[in-house]
Structure formats: C-alpha cells, structure tokens
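The structure appears below as structure tokens.
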Amino acid sequence: MEQNLPLDELSTAVGRVKGLLLTEEKVDRAVQILARAIKDAIPGTVGAGVSLMDARGRRTSTGFTDRVVQRADALQYELGQGPCLTAWAAEETVLIEDVRTDPRWPQWSAAVSSLPVRSVVSAALVTGKECIGALKIYAALPSAYDADTERLLELFAAPAATLLSHIQTREAPQRISEGLQTALHRRGTINRACGILMERHGLGHEAALQHLMQQARERDSTLFQVSAVLTAGTPANRN
C-alpha cells in the first residue's frame, strides 16, 4: 500500500470535508463533493463514491467521481450483492484486497472483472441508531488498501454521516421515514437471523446476510423486519 497521510494532513483533509458539507444545502451535491474529497485524500485511490439509502436498501442519493465507480456501484444494486451493500447492512467496514480472488460476492466480482477495479474499501455511514448509506473507494491495483485504509475511511465516514443526515433533514423532512426513525439495524435480531440461516443451510455469514437482503427486496420490506419474522418462526408478509 502507498504511504498513509501524515497526521496533520489527515486532520486537514477531514476538516476540509466537514467544512464543505457544513456549507452545502443540497444532498445530491453534498455526496458528489464528498466523493471527490475522499478520492483526493486517500492515497492510491482512482475512484470514490457515496451512496445514501432508505430503510429498504434503495438508493436515494448517489455521488461518484467517474463512470467506473458509477458502473461498479450500479452492478451491486442490480445484482443485490457487493461490498457497499454489505457495509450498509452490517454497519461495518468492508475491505477487498483483490476483487478477482475474493469469494464473498461472486456475481458482482465477475461483473466488474472488465473494469479497472481490484481493491475496494467500503465504510458504513452511521448516525445515531441509523445507517444511512456507505462510502466506497476503488484502486486499480490489488492489495492497494489495508486495515489502516479502513480506519482512515471510517474517520471520514463518522462526521460525514452526521452532516449528511442534517442536510437530508433540512432538504427533505419526508425522507426521514418511520423506518429510519426506528432502530433499523437491531444488530442482535439480524445476527440471530443470519445464524438461523447458517445453521439450516450451511451458509457463511456473508451469504446469509445476502439472503436476508434479497428476501427484504422481494417482500418490499426492511432487513430488520425480515430478520424479525425469521427469528419469530412465522411466514413473512408483504408490507
């Protein structure tokens, strides 16, 4: 991996992102500004993106630095799998050292094989009890990112989530739905649901989580609702 930013440069970069977002009033422009700022701040990055999502994992706003990022992101939502969706659903940072050898999202990895995308980091945008989306960075070379990069992206994600949430609230109060106001990611219930699927079908945690997300999309429900129904042992009803 390339040299990490010195501490003073890192503080300046994070402060710059805060300043940009504090003066922005439109969420679509804010995510675009944030994507460009992150690309410039993290060494080795050739493209960056920001996705804001509603309670059902549908994108409400998206920002990207180039067409490669736009296509790589779009494929995740078309296929229902990928590092950004997993970061959002699990509220955790996801690192891919090499897209071509990582087994977690086979359809997505195959779909982006023709793109100059080898290393990826995606971090959840968590504010309070809500996860409102994810940041993601891409590199053209394998092993371009490591655990230090994960922590660096998380440093951007924390203040960005709070500021983007405030911009969303100012711009469109109707976006703050009941589903977002409740504890969307009640991690215990989601993890128990994953455990049930892992035991029943011999799945890994990532595959179980992807299965739950697919069920949520098919039933037009939230990830938590699908998980709650599964752990209660009753058939899922469409909302």
Side-chain angles (χ1 to χ4, degrees), residues 17 31 34-35 38-39 42 45 47-65 69-99 102-109 111-112 117-139 144-162 164-165 180 183-187 190-191 193-194 204-214 216-217 222-224 226-227:
V17 168
V31 293
L34 180 58
I38 291 172
K39 175 188 174 182
I42 300 184
T45 296
V50 182
S51 293
L52 299 184
M53 292 175 252
D54 65 14
R56 290 171 171 80
R58 297 173 298 201
R59 286 183 297 178
T60 58
S61 296
T62 183
F64 45 84
T65 56
V69 175
Q70 182 184 24
R71 183 57 181 155
D73 282 358
L75 285 166
Q76 294 195 57
Y77 296 94
E78 291 173 14
L79 298 169
Q81 63 172 243
C84 182
L85 280 172
T86 297
W88 168 80
E91 295 186 17
E92 63 186 19
T93 302
V94 174
L95 168 67
I96 302 178
E97 294 184 352
D98 191 347
V99 168
D102 195 297
R104 289 175 286 182
W105 310 280
Q107 290 178 295
W108 181 78
S109 295
V112 300
V117 171
R118 296 292 295 274
S119 302
V120 184
V121 182
S122 188
L125 288 166
V126 181
T127 174
K129 294 182 179 179
E130 304 167 359
C131 185
I132 62 172
L135 309 179
K136 73 290 304 265
I137 53 175
Y138 296 95
Y145 301 135
D146 58 15
D148 288 337
T149 317
E150 293 183 86
R151 289 189 286 272
L152 179 55
L153 193 58
E154 288 167 357
L155 286 175
F156 284 99
T162 300
L164 288 171
S165 179
L180 281 173
L184 170 63
H185 288 287
R186 299 176 195 178
R187 297 291 296 276
I190 295 172
N191 285 335
C194 285
H205 186 270
E206 295 287 350
L209 186 59
Q210 289 174 34
H211 179 83
L212 288 173
M213 288 190 288
Q214 179 66 32
R217 282 191 298 276
T222 68
L223 182 62
F224 170 72
V226 169
S227 299

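By convention here, the first residue in the shown sequence is residue 1.
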To the nearest 0.5 Å, how far apart are OG1 in T65 and CD in Q70?
10.5 Å
I'd like to know if the side chain of T60 reaches the main chain of L52, judged simply by a donor and an acceptor atom lying under 3.5 Å from each other, with no hydrogens or angles considered.
yes
What one should report as the nearest heavy-atom pair of A216 and V226 is CA-CG2, 3.6 Å
Look at the side chain of D146 and the backbone N and O of T149, then say whether any donor-acceptor pair between them is shorter than 3.5 Å.
yes
Indicate every side-chain donor-acceptor pair of residues 150-158 with a distance under 3.5 Å to a residue at least two apart or in another chain.
| residue | atom | partner | partner atom | Å |
| --- | --- | --- | --- | --- |
| R151 | NH2 | D148 | OD1 | 2.2 |
| E154 | OE2 | T93 | OG1 | 2.6 |

Could you tell me whether the side chain of W105 reaches within less than 4.5 Å of the side chain of V112, counting heavy atoms only?
no
Partner set under side-chain contact (heavy atoms from CB on, under 4.5 Å) for A207, not counting sequence neighbours:
L203
Quick one: does S119's side chain have a donor or acceptor within less than 3.5 Å of a partner on D98's backbone?
no
Closest contact, heavy atoms only, A193 versus L212
CB-CD1, 3.8 Å
Just verifying a value: how many Å separate Q210 CD and L85 CG, rounded to the nearest 0.5 Å?
9.0 Å
So, W108 side chain and A72 main chain: donor-acceptor pair closer than 3.5 Å or not?
yes
Minimum heavy-atom separation for S165 to I132, with atom names?
N-CD1, 4.0 Å
Heavy atoms of A48 and I137 approach each other most closely as CB-CG2, 4.0 Å
Measuring from atom OG1 of T45 to atom CD1 of I38, what distance do you get when rounded to the nearest 0.5 angstrom?
9.0 Å
So do the side chains of R59 and D73 get within less than 4.5 Å of each other, counting heavy atoms only?
yes
Quick one: pull up CD in E130 and CD in E91 and give me the separation to the nearest 0.5 Å.
10.0 Å
Please find the pair of heavy atoms, one from S122 and one from K136, that lie closest to each other, and give the distance.
OG-CB, 3.9 Å
Is any side-chain heavy atom of I190 closer than 4.5 Å to one of L209?
yes
If only atom types and distance count, is the side chain of Q107 paired as donor or acceptor with the main-chain N or O of Q81 below 3.5 Å?
no
I'd like to check R217 versus Y77 (side-chain heavy atoms, cut-off strictly below 4.5 Å). Are they in contact?
no
Start with the C-alpha gap between L164 and T127, add the side-chain angles, then the distance that decides, and say whether side-chain contact (heavy atoms from CB on, under 4.5 Å) holds.
CA-CA 9 Å; L164 288 171; T127 174; over 6 Å; no
With a 4.5 Å limit on heavy-atom distance, are the side chains of Y138 and V99 in contact?
no
Considering only heavy atoms from C-beta outward, does the side chain of S109 approach that of R104 to under 4.5 Å?
no
For the pair W88 (side chain) and C131 (backbone), establish whether a donor and an acceptor sit closer than 3.5 Å, ignoring hydrogens and angles.
yes
Just by distance, do the side chain of S51 and the backbone of A134 share a donor-acceptor pair under 3.5 Å?
no
Pairwise side-chain contact, H205 with N191, heavy-atom cut-off 4.5 Å (strictly under):
yes
With E78 via salt bridge (Lys or Arg N to Asp or Glu O under 4.0 Å) - residues at least two apart
R71
Nearest atoms (heavy-atom pairs only) where I96 meets P83
CD1-CG, 3.7 Å
